[in-house]
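Since the structure comes first, as structure tokens, the remarks are kept for the end.
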Protein chains: 2
Amino acid sequence: MSDLLERLRGRGWRMTAQRRVVAEVLDGEHVHLTADEVHARAVAKLPEISRATVYNTLGELVTLGEVLEVTTDKRAKRYDPNAHRPHHHLVCARCGAIRDVHPTGNPLADLPDTERFGFTVSDVEVTYRGLCPSCASA
Amino acid sequence: MSDLLERLRGRGWRMTAQRRVVAEVLDGEHVHLTADEVHARAVAKLPEISRATVYNTLGELVTLGEVLEVTTDKRAKRYDPNAHRPHHHLVCARCGAIRDVHPTGNPLADLPDTERFGFTVSDVEVTYRGLCPSCASA
DNA sequence: ATTTGACTTAGACAATGTCCAGGGTAGGAT
DNA sequence: ATCCTACCCTGGACATTGTCTAAGTCAAAT
């Protein structure tokens with residue numbers, strides 16, 4: 001985590017209380033928080049922090065590749081601090097819970113050239129959907 | 001297309017001018033329209049149609065399984081009339097263009113039981129990302 | 001200690017989607 | 001053909017999420 005702060009400083013990030021707090025929140029719980037959830041937790045540590053700053057900081061972390069944006073539905077984007085180990089997501093269709101998963105196989109290799117339509121394909125996201133144990137039993 | 005209308009009528013759908021227009025728009029161009037784009041095209045055919053009705057109708061079509069919802073980013077959801085042939089999506093990271101693709105392999109089988117965390121997994125979406133030819137050359 | 005430009009703030013704004021009360025109508029019943 | 005009624009549509013208010021801006025603040029280089 002101080003790793004993260006070090007990396008960011010090394011990249012010319014100006015270190016501010018706000019940015020430190022956002023980074024701490026993301027690193028603290030390895031769950032997939034929405035921007036508003038990050039904001040709520042950040043406010044608990046630094047009451048004056050503004051919503052705009054949280055959005056800005058999350059955007060910068062995404063640009064820097066330190067955090068991944070996950071869009072599983074039309075609600076809020078979620079932020080995944082686990083950016084350095086490739087993985088995919090398993091989402092509960094009912095409650096929205098997300099788990100990181102590591103399928104076997106390589107989906108990138110499964111897209112033949114004839115199915116690429118001239119695109120430069122650089123990334124694949126695989127999203128598994130289903131019901132989590134508690135939603136399935138309800 | 002009248003297939004579609006027939007199927008819907010058979011399921012007890014009350015047929016109205018508004019619903020017919022929405023179905024026609026979706027069936028007319030097999031592209032991935034946003035709700036607002038559907039609304040714009042619907043208004044061209046039936047000027048009084050309201051936004052709420054378009055949203056409602058799209059939602060019903062999704063529930064009935066006639067249309068798929070595609071969420072590739074935090075902008076608008078898109079609606080895919082190609083609900084009856086399984087496929088995945090290739091998205092341009094710059095301009096948002098979407099193509100249907102058919103990768104080989106079976107990603108569902110690539111998720112071992114140990115990675116399912118007790119979820120009842122029912123579906124997989126694979127989203128390839130890259131740059132479309134025109135965005136890549138710009 | 002000074003300086004400077006990057007950072008933060010509050011709040012207005014934008015985009016998308018949802019909800020509601022009231023009026024309208026499709027399609028079955030007569 | 002007409003009537004009824006449950007279902008549908010409308011317009012607009014509202015909610016959620018995210019973006020932008022102008023002005024003030026502060027980290028860090030000097």
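At the heavy-atom level, B/A52 lies under 4.0 Å from base atoms of the strands shown. Within the 4.0 angstrom heavy-atom criterion, base atoms lie near B/R51.
In this structure, the separation between CZ on B/R78 and CD on B/E37 is 5.0 Å, given to the nearest 0.5 Å.
Of the two residues contacting DNA chain C, namely B/Y55 and B/R14, the nearest-nucleotide position lying further toward the 5' end is that of B/Y55. Nearer the 5' end of DNA chain D, as judged by each residue's closest nucleotide, is the contact made by B/Q18, out of A/T34 and B/Q18. With the nearest nucleotide of DNA chain C identified for both B/R78 and B/T16, B/R78 has the one nearer the 5' end.
Separating the CZ atom of A/R19 from the C1' atom of C/dT9 is a distance of 14 Å, rounded to the nearest angstrom. Atom pair B/R9:CZ and C/dG28:P shows a separation of 10 Å (rounding to whole Å applied). C/dA26 atom P lies 22 Å from atom CZ of B/R11, rounded to whole Å. Following rounding to the nearest Å, B/K77 (NZ) and C/dT16 (P) show an atom-to-atom distance of 13 Å. For B/M15 and C/dT25, the CE to P distance is 17 Å, given to the nearest whole Å. Distance A/R20 CZ to C/dC7 P: 14 Å, rounded to the nearest Å. Between the C1' atom of C/dT18 and the CD atom of B/E60 lies a distance of 14 Å, rounded to the nearest Å. Remark: C1' of C/dG11 and CG of A/N56 are 14 Å apart, rounded to the nearest angstrom.
Checked by atom type, the side-chain pair B/N82/B/H32 shows no donor-acceptor distance below 3.5 Å. Side-chain atoms of B/D100 and B/H89 include a donor-acceptor pair closer than 3.5 Å. Side-chain contact annotation: B/H87 with B/D80, donor-acceptor N/O pair under 3.5 Å present.
Chain A approaches DNA chain D within less than 4.0 angstrom (heavy atoms of the protein), and the contacting nucleotides run 5' to 3' from D/dT17 to D/dA28.
At least one side-chain heavy atom of A/I49 sits less than 4.5 Å from a side-chain heavy atom of A/V22.
Without hydrogens or angle criteria, A/Y128 side chain to B/P107 main chain gives a donor-acceptor distance under 3.5 Å.
Scanning all heavy atoms of the two residues, the minimum distance from A/P133 to B/F117 falls at CG-O, 3.5 Å.
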